[in-house]
Structures are given as C-alpha cells and as structure tokens.
Amino acid sequence: MDGDRLARTLARMAHEILERNPDMARVALVGVRTRGVPLARRLARSIKAAAGVEPAVGALDITLYRDDLTTIAPHPVLKGTDIPVSIDGRTVVLVDDVLYTGRTVRAALDELIDFGRPARIQLAVVVDRGHRELPIRADFVGRTVTTARQEVVQVLVREEDGEDRVLLLERVGPRRGANRAPAARKRVRS
Amino acid sequence: MNGYPHRHLLGIEPLAAADIESILDAAESLREVLDRPIKKVPALRGKTVVNLFYESSTRTRASFEVAEKVLSADSLTITTAGSSVQKGETLLDTAKNLEAMNPDMIVVRHSASGAPHFLARHCRSAIVNAGDGAHEHPTQALLDALTLRQRKKKLRGLRVAIVGDILHSRVARSNVWLLSKMGAEVVLCGPPTLVPPGIETLAPVTYSVDEAVEGADAVMMLRIQLERMTGGYFPSVREYHTRFGLTEERVRRAKKDVLILHPGPMNRGVEIASEVADGPYSVILDQVTNGVAVRMAILYLLLGETAREVEPETAGRARKRGQS
C-alpha cells in the first residue's frame, strides 16, 4: 500500500467512525504508541474536515501493561501515556496500525479502563492481519490481509518513518532472525 | 538505546553517562503514572522486593514503598528496630534468610560503606543501594538530576554548588559523580573540618559560601548531620548558620533563575533559612515527587533485567507482538 492508498484508506475510516458516532464532541481518538498516535491525529483531522468538530486525541503507551514485559530484552523504551480529556462517559476509539494477536489491544483496554469508565470503546486499525490469540475484533479496518505467521506487516508513517507506506515482509533465515535489523528481511509485496 | 545494562544499582561511580540518561528518561515517562486517577500499573506484578533499612529514613523508604506499590510489586520493609538484627544477626545471615523467601530485589540502607556491594557478591537478588555509610546514595543523586533536568532542560554546562557537611554526606559524593559525568560544573563548599581531604580531586573546593553560590544555576544544601556532630566540627549551630547557612541575601548572588535543592530532612535556621526553603526558587518538594519516579525507573529497569535468559523463540514472538 503506498502513501496515496493509505491516505484514501484513512479518509474512508474517518467517515466510518463519523457515521457510527455522529456526536464527535463526545468522542476521543486514542492512539497506541508508537504509530497509532500519528494515525489517530490524521483521522481526527479528516473527521474535522468532514464534520467541523475535531475529536480529542490522546496517546497510550501500553508498555507497563504488557503480558510479556519480563520476556523482552532489552526493555522497551517508555514514551509515556497522555490522555488530555476525561474519558468518563465518552466513546473512545482506540487507533493502532496493525491488529495481529490482539495482545496489544488487551493491554490497551486494561490501561484505558484504569483512566475512567468510557461509554464504549471501539477499535480502528489500518491493517488486520489475522492470527488472533484473544477474542478481539476491530470495528473499523483499513484493509484485511491474509498473512503467514513468519511474515511481518509494517505500517510506515511520515511522522515516525519519513514516508507513508504499508509493507508485507517475510523473515529471511531461521526464526531467530526476528532479532535482526529489519534490513535483514526481504520485501515481498507492498 | 540499550536501557540499563547492569544487574544492580550500587552507586553512581560505576555508571556511564548513557546509563544515567536511560534511568532519567524512564523516570520522566513513569512520573505521569502518579497523576492518573488509578495510580497503579501491573508492570511488576508477581515480583517481590525487600526493603532492608538499617538506618532511619522517611523519604527514601516511603518513596521506595510507593514506587513498589504503583508498579504492583509485592514488598515488605524490615527495619532494625523489631527485627532479628537486634538479636545480633549479621547482615549476611539476615540477607540470606530473606533471600530464602525468593525475593527478586533487595533495597538496602546501611551505616557501613560498601554493605550493598557485599550483598551483591553474596546474594542472587538484584541489589539497590538506598544509602551506604558516607559512601553513596545513588537514587538521591538521580532524583536531584531529574529535578534539575526538568527545570533547566539539560545538565551539561550547569554550575552547581554543593554546600554543607561534605564529610559525612553520601548525597554529595553521588551527586559529584553524577553531575561531572553529565558535564555539569560542580563546586563544593563547607567548613574545613567538614570537607574530607582528597575530595578536591573530584571537584574544586571553596570555604566561602558567597564564592560557591556566585553565578550558580543550582545550589544543593546538605543537612548538618547533628547526630554525627560529636567531634566539635564547628563552634555552634548559630555560628554555622552565620558562616555557611543559605540566606536570601546569599541566594541573590546566584543566577536569577537559581534552583535550591535539599535532600531532607532540613534543619531550618541551620544550613538553610526558612524563607529560602519555602521560597519560589526552592524545588525541595519536586525532589520528593521525582524521588518516587526515579525509584520506579530503577525497579522497572532492574526487575526486567533479572529475566534475561530468554530463548530466541520467545524473544522473536515477543518482539513481533509489539505490532499487533
């Protein structure tokens, strides 16, 4: 998926979010760090362009809620959570780049609920690549992609990576190759 | 960035500038958890921490305990009063017995310099130095650095005066090492009887407070440790205040936006005048809040480190989950 395609996908998702939640003043878009945050900001801008009201945008760092914290080395760098509005009684749309096992979303739900009692939580992802390990599904999906477990889906965004693009990569070599730099992976399609 | 590549926190002296930077960055992120409606995250669920305090403490002990609770670690605190230490049990025996209960970390404060290092050699747990004798108090230096960095944006190039009882002060030693490693300019000041010989190899020494404070970005006042003042180090408390106490008049010699720090507990009217302690430039209470954040960072960085033996299969999956 190239930059234009990603922009059109996000614009469509913004309209879907708006269609489901007409009262945007009662909605907060919360991006899951790292790439969910710029994606949430873009969705908020598209929604403003269409509805005139810009929903609040927050950022969630789920590191402290992970179920695999002690198995990752080195430790992930903490970037901090920032929820600027009260989520009590609001509709919260969680925004992330890729939906895979569902464990990140589980951690995000746990963390979000510690901030208050939202009226409801919806989930928006750019790519749903399957292989769920938990009973979680997305409300708004940019694109559903059939993948193999040894493949990696990368969503690149201008704000973090310098370009907009979605890549499907295949790991090269044995499984432990996961620890190598992304350069060691081969691009199969984009 | 590699985080914190050590098993223990024994002192500032053996750390690299990058290690210090990682701890401060983690503390900066973790500080926000304290402002949440529910001040608790599950990061260290199932980890056990023993706080072993052979010396009295309010701030350090309370902030370690708060940090442990906020990160969901289980903790217990043992102080000398009411423990087997009073029955004559040695430090090592106490530690070994506690360790038989399988803690992941021991936080230790002891009046003997090197006590945490001794435990680190003989115990399996991660050891954190919460103050050892007149040697080091690393978490205090880290919270001071975090406070300075928040207000001044960076530590490099800051002029910092450390004033008071340098001789008995582990805070001073840890701070000198930390600030020098981070590129700040440190000057030490105290009465000649309370400045240990040889310290001038670490930082320049002056016996005049006015000179030390002149043009300073920050002044760290040290507590006059009245309980250790048996040797006649100075004639009287009042004379100490006149010669070395930080008064408003002396503060005016520093930069306009000077910060005044004190590790606590303060002797008001001795090393610091009340107007200064409660003045607009005082960041003494920020230091306390930052103390919790720094201790959370240490717990977070060290307790992850103990689970290093990860087989590659799991590591790969863990990494991948990051994008789900």
Side-chain angles (χ1 to χ4, degrees), chain A residues 32 34-35 61-83 86-88 96-107 110-111 113-116 125 127 129 131-134 136 149-155 171 174-180, chain B residues 1-6 18-19 21-47 70-73 104 293 296-324:
Chain A
V32 178
T34 304
R35 289 179 181 67
D61 182 339
I62 56 109
T63 311
L64 299 169
Y65 284 76
R66 293 175 78 122
D67 58 6
D68 55 358
L69 190 58
T70 52
T71 62
I72 324 171
H75 256 184
V77 176
L78 294 168
K79 298 194 181 111
T81 286
D82 175 25
I83 311 276
S86 162
I87 60 167
D88 284 330
D96 204 358
D97 51 359
V98 181
L99 178 59
Y100 178 29
T101 60
R103 287 179 192 266
T104 302
V105 175
R106 194 279 309 163
D110 278 358
E111 177 160 16
I113 282 161
D114 280 352
F115 276 88
V125 296
V127 177
R129 59 164 296 191
H131 302 287
R132 215 77 76 241
E133 293 170 4
L134 295 170
I136 281 170
R149 272 193 175 269
Q150 67 271 19
E151 289 171 324
V152 176
V153 177
Q154 268 191 346
V155 175
R171 280 209 187 86
R175 279 212 73 158
R176 47 188 314 162
N179 288 329
R180 265 186 254 143
Chain B
M1 179 150 38
N2 263 330
Y4 181 81
H6 307 277
D19 302 337
E21 204 80 61
S22 317
I23 298 171
L24 296 181
D25 289 345
E28 196 68 67
S29 305
L30 288 164
R31 197 177 191 270
E32 163 269 320
V33 176
L34 301 172
D35 299 326
R36 295 187 187 185
I38 296 180
K39 297 185 276 291
K40 201 172 190 68
V41 292
L44 299 183
R45 213 166 40 184
K47 299 283 183 185
V70 169
L71 293 177
S72 301
D104 299 281
M296 285 166 71
I298 295 298
L299 290 163
Y300 171 74
L301 293 171
L302 284 183
L303 288 181
E305 299 292 316
T306 53
R308 265 299 163 79
E309 282 125 27
V310 187
E311 51 123 2
E313 177 80 17
T314 329
R317 276 172 50 88
R319 187 66 54 86
K320 252 166 85 181
R321 266 180 214 157
Q323 20 163 289
S324 66

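Letters A, B, ... mirror the listed sequences (proteins, then strands); counts begin at 1.
- Residue B:Ser29 holds its OG atom at 8.5 Å from CG of A:Leu64, rounded to the nearest 0.5 Å.
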Next on the checklist: Show, in sequence, the C-alpha distance, side-chain angles and deciding distance for B:Glu32 and A:Thr81, and conclude whether the side-chain contact (heavy atoms from CB on, under 4.5 Å) test is met.
Outcome noted: CA-CA 7 Å; B:Glu32 163 269 320; A:Thr81 286; 3.7 Å; yes
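- Rounded to the nearest 0.5 Å, atoms CG (B:Leu30) and CG (A:Leu78) are 5.0 Å apart.
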Checklist entry - Could you go step by step and tell me if A:Tyr65 and B:Val41 meet the side-chain contact (heavy atoms from CB on, under 4.5 Å) rule? => result CA-CA 7 Å; A:Tyr65 284 76; B:Val41 292; 3.5 Å; yes
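- Across B:Pro42, B:Pro37, B:Ala297, the residue that shares the most heavy-atom pairs under 4.5 angstrom with chain A is B:Pro42.
- With a 4.5 angstrom heavy-atom cutoff, B:Lys40 touches chain A only via backbone atoms.
- Taking A:Lys79 as the reference, A:Arg33, A:Thr34, A:Asp61 meet the side chain to side chain contact (heavy atoms under 4.5 Å, CB included) condition, with sequence neighbours excluded.
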